[in-house]
Amino acid sequence: IYTLSLHDALPICVSTPEEIKKAEAEADEVLAKAKITDVSKHWAKKSIAYVVEKNLFKGVSTATGKDGKTVNNFEPESNMTRSMVVTVLHRLAGTPAVTANAGMADVKSGTWYENAVNWAVSQKIVNGVGENRFAPDRPITREAFVTMLYNYAKTNNPKMNKMGDISKFKDASSVSSWAKDALQWAVGMGFLTGNDKGELSPAKSITRAEVARDRKSTRLNSSHALAS
């Protein structure tokens with residue numbers, strides 16, 4: 001199991017039957033309000049409810065429910081894309097106004113991610129992929145994801161600067177040179193622990209549920225994140 005550990009305030013760590021029951025009810029209430037119906041039995045349901053309640057994530061598609069009404073699908077096992085990640089970080093930052101235009105040829109005017117991409121590029125959180133392209137629909141890799149988190153934290157919470165040692169991981173040599181500092185930071189800050197084989201798998205993609213479960217990333221603005 002990999003740990004990409006966006007929050008730590010919700011009932012993931014509850015233990016008593018009463019707390020578990022309350023947490024389930026609160027999560028169900030949030031998801032019902034958002035009309036999200038495809039995570040009721042998912043292992044990350046409470047985490048998903050948290051990020052939905054905080055308006056960091058929304059559904060990605062719609063469907064017709066049993067009652068004939070439109071419902072939203074979160075699609076927890078779908079890959080996070082580059083456009084999804086910058087959108088989450090833009091919302092985490094409070095959705096600041098965007099005046100700059102990154103000039104990415106594949107980011108069309110009026111798309112739901114246009115402002116987030118322009119903001120993220122202007123804040124040096126992310127660059128394009130070459131040839132004036134952003135590749136908004138490309139699934140994001142673990143190393144690219146933590147690099148965005150690292151760049152965001154450097155601007156929004158520079159005290160989050162603890163670095164770790166990635167040489168202990170079997171596949172440390174497969175980490176891209178541009179992502180090395182970010183992965184050292186992610187390990188040092190406890191965002192990334194690897195799997196039971198001692199691997200980081202930097203090129204592995206990440207699902208929406210895995211990012212939703214990331215228990216510290218949504219606190220990148222807070223000094224308390226250091227103690228999370």
Side-chain angles (χ1 to χ4, degrees), residues 1-14 19-95 107 110-117 119-120 125-126 134-142 144-146 148-149 152 191-192 201 204-221:
I1 298 174
Y2 294 93
T3 298
L4 267 165
S5 192
L6 277 178
H7 61 84
D8 62 357
L10 216 90
I12 295 176
C13 300
V14 294
E19 289 174 323
I20 293 173
K21 185 176 180 180
K22 181 181 178 181
E24 289 285 342
E26 290 175 345
D28 288 339
E29 183 179 356
V30 168
L31 295 170
K33 185 177 180 180
K35 298 181 181 180
I36 291 176
T37 61
D38 62 339
V39 299
S40 60
K41 296 182 180 180
H42 196 275
W43 58 266
K45 182 178 78 170
K46 291 189 287 292
S47 297
I48 291 169
Y50 179 87
V51 295
V52 168
E53 183 179 34
K54 296 300 182 183
N55 199 36
L56 297 176
F57 278 71
K58 297 180 180 180
V60 296
S61 63
T62 58
T64 301
K66 294 180 180 179
D67 58 0
K69 295 181 179 180
T70 299
V71 296
N72 296 314
N73 290 324
F74 187 86
E75 297 186 13
E77 296 306 313
S78 292
N79 287 326
M80 279 291 285
T81 63
R82 287 168 53 83
S83 57
M84 288 178 185
V85 176
V86 294
T87 298
V88 169
L89 292 177
H90 188 218
R91 291 170 180 164
L92 184 62
T95 318
V107 177
T111 54
W112 57 268
Y113 49 79
E114 178 191 10
N115 284 343
V117 172
W119 167 81
I125 292 170
V126 64
F134 185 78
D137 297 325
R138 180 181 296 179
I140 196 162
T141 62
R142 291 163 62 82
F145 175 61
V146 297
M148 288 192 195
L149 296 186
Y152 180 95
F191 287 118
L192 193 60
S201 297
K204 181 181 174 65
S205 59
I206 310 172
T207 67
R208 287 170 53 81
E210 287 174 323
V211 174
R213 188 188 180 280
D214 185 346
R215 298 183 61 193
K216 292 184 178 179
S217 305
T218 51
R219 303 187 70 193
L220 287 173
N221 301 330

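Just the heavy atoms: all of them, side chains too, but no hydrogens, waters or symmetry mates, feed the values below. What you see is a predicted model, and the numbers here were worked out from it, not measured in a lab.
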- Task: Provide the full list of salt bridge (Lys or Arg N to Asp or Glu O under 4.0 Å) pairs with a residue in residues 28-41, sequence neighbours left out, each pair given once.
- Result: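 Passing the test, one end in residues 28-41: Asp28-Lys45.
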Return a table of donor-acceptor pairs under 3.5 angstrom between the side chains of residues 80-88 and protein atoms on other chains or two or more places apart.
unit_1, atom_1, unit_2, atom_2, d
Thr81, OG1, Ser83, OG, 3.1
Thr81, OG1, Met84, N, 3.3
Thr81, OG1, Pro136, O, 3.4
Arg82, NE, Phe134, O, 2.7
Arg82, NH2, Asn127, O, 2.9
Arg82, NH2, Phe134, O, 3.1
Ser83, OG, Pro136, O, 2.8
Thr87, OG1, Ser83, O, 2.8

- Message: Could you report the tightest heavy-atom contact between Glu77 and Ala209, atom names first, then the distance?
- Response: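 Reported closest heavy-atom pair: OE2-CB, 4.2 Å.
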- Does Lys46 pair with Glu24 as a salt bridge, N-O distance under 4.0 Å?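 Salt bridge flag = yes for Glu24 with Lys46.
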So, taking the atom named [atom1] in [X] and the one named [atom2] in [Y], what distance separates them when rounded to the nearest 0.5 Å?
X: Glu75; Y: Ile36; atom1: CD; atom2: CD1; value: 11.0 Å
X: Arg91; Y: Trp119; atom1: CZ; atom2: CH2; value: 12.0 Å
X: Tyr113; Y: Asp137; atom1: OH; atom2: CG; value: 5.5 Å
X: Glu53; Y: Ile48; atom1: CD; atom2: CD1; value: 14.0 Å
X: His42; Y: Ser47; atom1: NE2; atom2: OG; value: 10.0 Å
X: Met148; Y: Ile125; atom1: CE; atom2: CD1; value: 9.0 Å

Taking the side chain as every heavy atom from C-beta outward, state whether [X] and [Y] have any pair of such atoms under 4.5 Å apart.
X: Ser78; Y: Arg208; answer: yes
X: Thr141; Y: Lys204; answer: no
X: Lys58; Y: Asn72; answer: no

- Query: Between Val71 and Thr64, does a side-chain contact (heavy atoms from CB on, under 4.5 Å) hold up when you go through it step by step?
  - Reply: CA-CA 6 Å; Val71 296; Thr64 301; over 6 Å; no
- Item | Short side-chain to backbone donor-acceptor contact, Glu114 and Gly110, under 3.5 Å |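 Yes: the side chain of Glu114 pairs with the backbone of Gly110.
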- Just do the side-chain contact (heavy atoms from CB on, under 4.5 Å) check on Leu89 and Leu56 with the steps written out, would you? CA-CA 8 Å; Leu89 292 177; Leu56 297 176; over 6 Å; no
- Task: Report the residues that fulfil side-chain hydrogen bond (donor to acceptor under 3.5 Å, both in side chains) with Asn73, sequence neighbours left out, ordered by chain and then residue number.
- Result: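 If we apply the side-chain hydrogen bond (donor to acceptor under 3.5 Å, both in side chains) test to Asn73, skipping adjacent residues, the hits are Ser61.
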- Message: For a side-chain contact (heavy atoms from CB on, under 4.5 Å) check, start with the C-alpha distance between Leu31 and Phe74, then their side-chain angles and the critical distance, and finish with the verdict.
- Response: CA-CA 10 Å; Leu31 295 170; Phe74 187 86; over 6 Å; no
